Number of protein chains: 4
Amino acid sequence: MKSINGGNFHKEVFERISDDKREKIFESAMHEFAKEGYVAANINTIASKAGISIGAMYTYFPSKENLFLAIAERGVAIYQEILADLVGRAGFFETVERLFHLTIEYAKEHTDLSRLYLELSTEQLGNLSVRLSEKMEIDFREFYTELLAAAKEKGEIRSDVDIGFAAKMLDDLVISLQFSYSVSYYNERMQQYVGEDHSEAQMVQNLVDLVHRYLAPETMPA
Amino acid sequence: MKSINGGNFHKEVFERISDDKREKIFESAMHEFAKEGYVAANINTIASKAGISIGAMYTYFPSKENLFLAIAERGVAIYQEILADLVGRAGFFETVERLFHLTIEYAKEHTDLSRLYLELSTEQLGNLSVRLSEKMEIDFREFYTELLAAAKEKGEIRSDVDIGFAAKMLDDLVISLQFSYSVSYYNERMQQYVGEDHSEAQMVQNLVDLVHRYLAPETMPA
Amino acid sequence: MKSINGGNFHKEVFERISDDKREKIFESAMHEFAKEGYVAANINTIASKAGISIGAMYTYFPSKENLFLAIAERGVAIYQEILADLVGRAGFFETVERLFHLTIEYAKEHTDLSRLYLELSTEQLGNLSVRLSEKMEIDFREFYTELLAAAKEKGEIRSDVDIGFAAKMLDDLVISLQFSYSVSYYNERMQQYVGEDHSEAQMVQNLVDLVHRYLAPETMPA
Amino acid sequence: MKSINGGNFHKEVFERISDDKREKIFESAMHEFAKEGYVAANINTIASKAGISIGAMYTYFPSKENLFLAIAERGVAIYQEILADLVGRAGFFETVERLFHLTIEYAKEHTDLSRLYLELSTEQLGNLSVRLSEKMEIDFREFYTELLAAAKEKGEIRSDVDIGFAAKMLDDLVISLQFSYSVSYYNERMQQYVGEDHSEAQMVQNLVDLVHRYLAPETMPA
DNA sequence: TATGAATGAGCCTTCATTCAT
DNA sequence: GATGAATGAAGGCTCATTCAT
């Protein structure tokens with residue numbers, strides 16, 4: 001239940017309702033926000049689809065904004081669980097490969113959340129996302145940075161690599177991959193680039209290849 | 001004036017007004033849409049900031065949707081002009097380098113348009129972007145694909161490269177770069193990855209390096 | 001409360017509010033529609049005159065069109081109740097006489113509803129009236145037709161009468177009478193034809209006389 | 001050109017333009033007003049369909065209201081020509097028969113004008129119609145009244161007839177007939193009363209029969 | 001005179017939020 | 001705590017009318 005707390009965007013009562021109800025609310029809200037965008041999303045619709053009254057909605061969350069933030073926060077929490085799964089488990093390139101695989105899985109399984117993240121990066125939601133990112137983005141950055149630092153240490157990657165840039169690049173690849181498998185626009189775009197029959201496995205392979213060529217030590221320890 | 005036509009999202013009258021007025025309207029609309037997003041953008045505000053009446057607005061554009069599309073289309077047109085400048089001018093990596101430079105320039109000079117593009121990729125605006133892309137002539141995809149094909153032909157890049165994937169990767173890099181220099185959220189993110197004192201030149205250099213390591217021919221022909 | 005249902009042009013909530021409030025809304029809407037016509041009628045005005053917010057108005061009715069239809073339907077329902085009172089009560093000519101009397105009464109008491117009917121027959125509102133008539137159960141036509149058929153059977157009227165035409169004529173007389181006592185234009189017209197001091201009783205007498213002369217059996221059975 | 005003057009609802013310039021242009025304007029306005037009703041009718045549409053600018057429209061007519069009145073007035077003028085054709089031409093019942101025939105003809109040929117008349121009798125246009133009716137209704141009333149008076153004088157109809165009421169009845173019949181052949185709503189209604197295969201000739205015959213039974217002298221001058 | 005772009009008040013409808021029950 | 005009816009500000013769009021050219 002840790003994921004429920006955090007930014008504390010909800011009211012206390014929300015922690016006391018049944019898990020089922022809470023889940024329904026998250027589900028409903030996620031879907032509406034992902035589909036309609038923050039502004040066009042309708043709180044009344046969210047409530048009724050979640051099977052609760054708007055009155056109840058407002059006893060759980062003080063405002064539309066907070067509901068949105070709670071949802072977004074939860075999305076990141078889910079993704080962070082994936083990251084947690086990756087830490088210190090295997091070699092750098094294997095970890096990267098798993099990262100890409102899990103990203104696709106996440107994108108497909110949590111489409112709404114993934115779309116939400118795009119929505120979140122949008123300018124108008126900047127104010128909102130600041131409140132979020134302050135608390136969460138850091139984790140990702142740390143993950144990538146530490147992953148690279150460790151790999152560098154271990155000699156798995158080039159010693160002259162710019163870790164800051166490389167971390168950003170990894171994140172970029174992950175984000176792009178995520179959207180490619182969850183957001184209609186980017187999905188369409190991907191298909192037009194690589195063709196409809198391009199498998200996920202190939203996609204991951206290509207990405208790993210890219211990372212490898214970029215980061216592998218110059219001289220293969222012959 | 002070519003950029004004004006295209007998808008023909010405006011009414012005829014709009015072509016007959018002074019360049020100055022037209023520019024003001026574009027400016028005002030761009031800004032509002034980029035700042036507020038499509039749904040929250042207020043046509044009345046756009047009109048009044050452009051110094052015209054809403055009535056006038058509606059003699060120029062049949063609807064909010066069309067105004068938005070006209071704006072978006074214009075953004076693409078501007079970027080396409082930049083790309084046009086790059087075609088067949090120099091070697092592959094030099095072209096790529098210039099591409100990154102120009103992208104940053106575009107992102108900084110046409111911040112609003114750049115942000116609009118993010119907005120456009122959003123799920124809710126899918127219908128709109130379809131209307132847009134249906135009407136766009138040359139595509140970015142073609143540009144990247146041809147650039148790579150030519151380079152491959154000339155032996156500037158590896159012969160075994162997957163052009164489809166490579167093109168997507170180039171596009172990804174460009175998009176990410178663009179947002180990093182125009183969208184607050186991504187800009188903040190970039191700074192936290194590479195530090196505030198990371199110059200544009202370094203960014204470009206890093207990117208070119210990435211592309212080079214990924215695409216350069218196996219140098220050891222020995 | 002039967003009159004409230006029917007075409008179901010309102011939302012459920014509307015059935016749950018107090019009779020008083022409901023009546024006020026009907027009253028206000030009727031008046032506005034009758035006075036201004038469908039297009040010019042202002043929903044905001046209707047709401048505020050009914051003492052409710054526009055928001056409330058829209059929780060009761062999904063649209064202006066439906067509000068109008070609900071009102072119109074109610075008008076018909078009221079008139080139908082009057083007709084119901086007439087069925088099989090007395091001889092043909094007595095019934096007709098009562099019909100005329102009741103029509104005048106209705107026109108004077110429910111002026112707005114009566115005016116609405118004129119509005120409804122108007123070309124632009126054709127679509128609406130279709131939606132209305134589709135849902136109406138018993139029809140005036142049936143009433144007139146059966147009344148005449150029964151009278152013919154009983155020998156109260158000529159046996160060679162064209163029932164279809166006679167029914168239409170009766171309806172025409174009733175409609176004209178109704179408008180003459182509710183719509184300013186037709187009222188003025190009536191007065192100029194028969195004079196201001198022409199009483200309702202005389203009017204009815206004249207009408208009955210007309211019907212009698214037209215439909216009475218050839219009295220000379222000799 | 002008498003019909004152009006009258007209520008003088010137009011500006012002077014209107015009298016100086018070509019008959020063709022004038023006719024087009026009338027046509028266009030009539031159609032729009034008849035189809036959409038006064039309020040919903042769009043002056044800009046009328047102008048453009050008439051092939052003139054709105055600017056021109058406003059140099060011909062000072063306002064929408066006046067345009068409407070001019071149109072309505074013209075409609076009556078046309079109908080009055082028909083009446084003129086009937087005066088003192090034949091016996092009462094023959095005249096009546098011709099009146100019905102001409103009414104149907106008028107309704108079918110000048111559908112728009114006929115519909116306009118319905119629109120005009122509507123409550124909200126009461127203010128407008130007053131300006132009209134003062135000048136014109138009289139003619140109709142006089143026509144019917146004199147027709148009946150003459151017939152009474154000549155012994156063609158009952159001597160004890162109430163001329164005021166009879167005149168109104170004749171007018172009612174004519175109006176109802178007119179609408180039955182021009183207004184969708186009333187046309188549909190007619191067909192449901194008398195059947196689709198009821199010919200115009202039968203309709204007229206039925207009407208003449210009605211009038212005859214009502215007004216013919218009691219004792220046929222054997 | 002003719003033109004048609006410009007004006008802006010006005011209208012229907014939505015929806016976040018409140019609050020009496 | 002839960003309910004859901006009520007609120008009313010706000011926004012996209014129309015159209016009669018004006019007026020500079």
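What you are looking at is a predicted structure, and each value in this text was computed from that prediction instead of being measured. The sequence lines fix the lettering, A, B, ..., with proteins before strands; numbering per chain opens at 1.
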Ion pair D:Arg74/D:Glu27, N-O distance below 4.0 Å: no
Sugar-phosphate only, base, or nothing, as touched by C:Ile43 at under 4.0 Å among non-hydrogen atoms: sugar-phosphate
Sidechain-backbone polar pair: C:Ser28 side chain, C:Ile25 backbone, donor-acceptor under 3.5 Å: no
Point-to-point distance, once rounded to the nearest 0.5 Å, from OG of C:Ser63 to CG of C:Leu69: 7.5 Å
C:Asn42 side, atom CG; C:Lys64 side, atom NZ - distance, nearest 0.5 Å: 7.5 Å
Side chains of C:Asn8 and C:Glu15 in contact at under 4.5 Å (non-hydrogen atoms): yes
Euclidean distance, atom CD of residue A:Glu65 to atom C1' of E:dC15 [Å, nearest integer]: 16 Å
Sugar-phosphate only, base, or nothing, as touched by B:Phe61 at under 4.0 Å among non-hydrogen atoms: nothing
Touch class at under 4.0 angstrom, heavy-atom based, for C:Ala41 against every strand present: sugar-phosphate
Protein-nucleotide distance (A:Glu32, atom CD; E:dT14, atom P), rounded to Å: 15 Å
Residue among D:Phe9, D:Phe33, D:Phe61 satisfying ring pair (Phe, Tyr, Trp, His ring centres under 6.0 Å) with D:Phe68: D:Phe33
Sugar-phosphate, base or nothing in reach of D:Asn42, heavy atoms under 4.0 Å: sugar-phosphate
Residue met sooner reading DNA chain E from 5', once B:Ile54 and A:Thr45 are mapped to nucleotides: B:Ile54
5' priority, DNA chain E, between D:Ala56 and C:Pro62 [closest heavy atom]: D:Ala56
NZ/C:Lys35: more than 12 non-hydrogen atoms of other groups inside 6.0 Å: no
C:Phe26-C:Phe14 aromatic ring centre distance below 6.0 Å: yes
From B:Tyr58 atom OH to B:Ile43 atom CD1, the distance as rounded to the nearest 0.5 Å: 3.5 Å
A:Ile17 or B:Tyr38, whichever maps to the more 5' nucleotide of DNA chain F: A:Ile17
NZ/NE/NH1/NH2 to OD/OE distance under 4.0 Å, C:Arg16 and C:Glu12: yes
Distance, rounded to the nearest Å, where A:Ile46 contributes CD1 and E:dC15 contributes P: 11 Å
Between C1' of E:dC11 and NZ of C:Lys64, the distance in whole Å: 8 Å
Each stem that DNA chain F is part of, given as range with range (3 or more consecutive Watson-Crick or G-U pairs, under 3.5 Å): E:2-21 with F:2-21
Residue-phosphate contact under 4.0 Å: C:Asn44 side-chain N/O, E:dC12 OP1/OP2: yes
Positional range of nucleotides in DNA chain F within the contact set of chain B, heavy-atom, under 4.0 Å: F:dG11 to F:dT14
D:Ser53 side-chain N/O to E:dG4 phosphate OP1/OP2 under 4.0 Å: no
Integer-rounded Å distance: E:dT13 P and C:Phe68 CZ: 14 Å
Along DNA chain F (nearest heavy atom to each residue), the more 5'-positioned of C:Gly51 and D:Tyr58: C:Gly51
Touch class at under 4.0 angstrom, heavy-atom based, for A:Lys11 against every strand present: nothing
